[in-house]
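What follows is one structure encoded as structure tokens, with my remarks underneath.
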Amino acid sequence: MTMRRCPVCQTCEPREFCTHAGVPFVRCASCQSLYYGVEPDWTRIAQIYRDDYHRLRGHSDNPAVEAAKRATMLRYLRLVGRLGPPGHRFIEVGCSAGAGLATAAAAGWDVAGVELSAAAAEVARQRPGVRAVYTGRLEEAPLADGQTDVIALFDVLEHIDPPQGTLATIHRLLRPGGLVLIVTPDGGSLSARLLKAHWPHLFVEHVVLFSRRALRRCLETAGFQVARMGFAWKRINLDMLARHATIHPHVVGGALLRTFRRVLPGPLLRLDIPFNIGEFYVIARRGRTGARPHE
Ligand SMILES: [Zn+2]
């Protein structure tokens, strides 16, 4: 068994969890997060983020996927609005082809995006109301410190190991009192514990799967106070789930979903349904002081 430290809490108490696609995922006995038991193979992971990463998932050419993404964004904007009102400058990190950005822009936010994929960023830039989309990592984006009211990361933080640098950058970019919204798989969830290697969020590119309390602690250490945390209900449809099952054949129910996609009529496939299988959201407020020294 490996002795790699937990990238979330830095303790070194890995427990065997499961092996997926040759990657030994372990559970941290201290904070209950799941992580790579070996150093992530970033060359292999980079090959997954090809220029068709967003197209394979229907982010730029599928009206049903787009509609579901818009509905999800609107729900979270309402939640964020209730905790503010925090002003109107909004950044989405990992904005993909920009469906969420366009939704926020239409709702009156001044929006900018950050996206690793040049092809996805180019699609996002063409959306009405989108002020700017920076290609690359958040840490390198030309954004002014202390000027942003809300920074959102949907299905992004689990791709970053270790996550502390990204949280520190978000803290620097937000104005005091600004909000960060994170949606990420819950590595401590019952579904993760039961499904293990068949859990729908276990991918080679998901290098850290936080438990709720681990992410809370990580945010607090980075200088945030958690305002809300809960199940991440997403708007989704069977077409999206079947695409997911095609890209990731190991997930539970994958064969059934792929069959649905072949035999069910289009309107049924595109029916918008609330969905949660082991994801959570957290909204945290940037404190007025800096980060606590890491313990
Ligand atoms: Zn840990």
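Counting starts at 1 for both ligands and their atoms, following the listed order. In what follows, every heavy atom counts, from backbone to side chain, and hydrogens, waters and symmetry copies are set aside.
Centroid-to-centroid, the aromatic rings of F231 and F280 stay 6.0 Å apart or farther. Checked against the 6.0 Å centroid threshold, Y281 and Y76 count as a close aromatic pair.
For a distance threshold of 2.8 Å, the protein N, O or S atoms nearer than that to the Zn ion (ligand 1), listed by chain and number, are C6 SG, C9 SG, C28 SG, C31 SG.
In the displayed structure, H20 atom NE2 is contacted under 6.0 Å by more than 12 heavy atoms of other residues, nucleotides or ligands.
Every residue two or more places apart in sequence or in another chain was checked for a side chain to side chain contact (heavy atoms under 4.5 Å, CB included) with A168, and none qualifies.
Residue pairs meeting the salt bridge (charged side-chain N to carboxylate O under 4.0 Å, His left out) criterion with at least one partner in residues 107-118, sequence neighbours excluded, are R89-D110, D110-R131.
Residue L116 shares its hydrophobic cluster (ILVMFWY side chains chained together at separations under 4.5 Å) with no other residue.
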